[in-house]
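The block underneath contains the structure these notes are about, expressed in structure tokens.
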Amino acid sequence: MNQNTITVTSPLLPNLDEFHDVLRDIWESKWITNNGSFHKRLESALCEYLKVPYISLFTNGTLPLLTALQALKITGEVITTPFSFVATTHSIWWNNCKPVFVDIDPSTGNIDPDRIEAAITPRTSAIMPVHVYGQPCDTGRIQKIADKYGLKVIYDAAHAFGVDVNGESILNAGDLSTLSFHATKVFNTIEGGAMVMHDAEMKKRIDYLKNFGFAGETEVVGPGINSKMDEVRSAYGLLNLKQVDAAIEARHQVAIRYREALHNVPGITFFKDMPGVRHNYSYFPIFVDSEKYGMTRDELYFKLKEKGILGRRYFYPLISSFSTYRGLLSATPENLPQAQKMADSVICLPMHHDLSQDDIERVIDLTLN
Ligand SMILES: Cc1ncc(COP(=O)(O)O)c(C=O)c1O
């Protein structure tokens, strides 16, 4: 990659000397995985940072989705959004359930609560919304619908690390929430993830499930999987947690500058901060109206790319248009006009803690057209 290339994201890396020190501790202890001391410490540090009662670490952000559906014994149909990363829908499919796509609310990019009830059938057992780009879903309305029909709610909160609404973590909504700590995320453990739950019983159950179902040396209480996080990545996560607030603030400053520079450009729109929300600025999506902008989304995307600015068309194509899912009744484009429009117009501009002022201005200059 050319040194002038500006990537859409850049990993938050711990201080290397500090990482060497913790590696030495791990080497000396010879305890490298299986609920070691760094794993325990990261779980409690995350509970405190995220203001959640219980958390269970995972080896990536896909396995907690799979495990959440298992833990809640979800069967039949699961209502979800097509405007996400494929792992959301794949987790439903891997549990032998049928995803039912519901269109999004264009003001947030999230599943439109007004459209959920029409998609409920006697076979529906859960709703799996996504806080896309870390934008909080309307959790109150979704919960009301779930309560009315006796449905479980599992939030894919892969993008929503540290997002609060009126001082409360968005991760406390629903029955379970899952996080991704992939290298591209606001907080990363290289690969990694977690599940947030409300009570100790569920935490115990999830901890069994992520460790083959073992409840003791010789007792297996269920058909578990192996999705434990190891000690090296737990220690790396503990170091990264110390700098995540500064990283979020750096991202905030990038968002402020992008918004200031782009707010008057005809045909370019973006989300504003929502009242009462602590955002994490995990992405900076812009939406291109080609008629007003004078260039299509793809023309802009390739123009940026040619100049070494690697935006991403997240989330395009829609999950519902991939071959596995496109045959589903709910996957028809007529059912998903808002999601289709967003997928066809979005570019996520470079957004991370380490963007220089020059980089930001280069992105802006080229986007100004
Ligand atoms: C919305 C969403 N869900 C799930 C995942 C899966 O996370 P992981 O890559 O950590 O398995 C991602 C990853 O990018 C994601 O964006």
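Both counts, for ligands and for their atoms, begin at 1 and track the order of listing. Counting begins at 1 with the first residue of the sequence. This one's a predicted model, so the numbers in the text were calculated from it and none came from an experiment.
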Carboxylate-amine/guanidinium proximity below 4.0 Å for E306 and K303: no

Can a salt bridge be assigned to the pair R115 and D105 using a cut-off of 4.0 Å between side-chain N and carboxylate O? no

Working to the nearest 0.5 angstrom, can you tell me the gap between S84 OG and Y314 OH? 12.0 Å

Rounding to 0.5 Å, atoms NE2 (H39) and CG (N34) come to a distance of 9.0 Å

Under a 3.5 Å distance rule, please check whether D103 uses its side chain to pair with a backbone N or O of A339 as donor and acceptor.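 Checked: pair present.
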
Just do the salt bridge (Lys or Arg N to Asp or Glu O under 4.0 Å) check on R297 and D289 with the steps written out, would you? CA-CA 8 Å; R297 182 275 306 270; D289 176 334; over 6 Å; no

For a distance cut-off of 3.5 Å, show me each N or O of ligand 1 paired with any protein N or O, plus the separation.
unit_1	atom_1	unit_2	atom_2	d
ligand 1	3 (N)	D156	OD1	3.3
ligand 1	3 (N)	D156	OD2	2.7
ligand 1	7 (O)	S180	OG	3.4
ligand 1	10 (O)	G61	N	2.8
ligand 1	10 (O)	S180	OG	2.7
ligand 1	11 (O)	G61	N	3.2
ligand 1	11 (O)	T62	N	3.0
ligand 1	11 (O)	T62	OG1	2.6
ligand 1	14 (O)	K185	NZ	2.6
ligand 1	16 (O)	H159	NE2	2.8

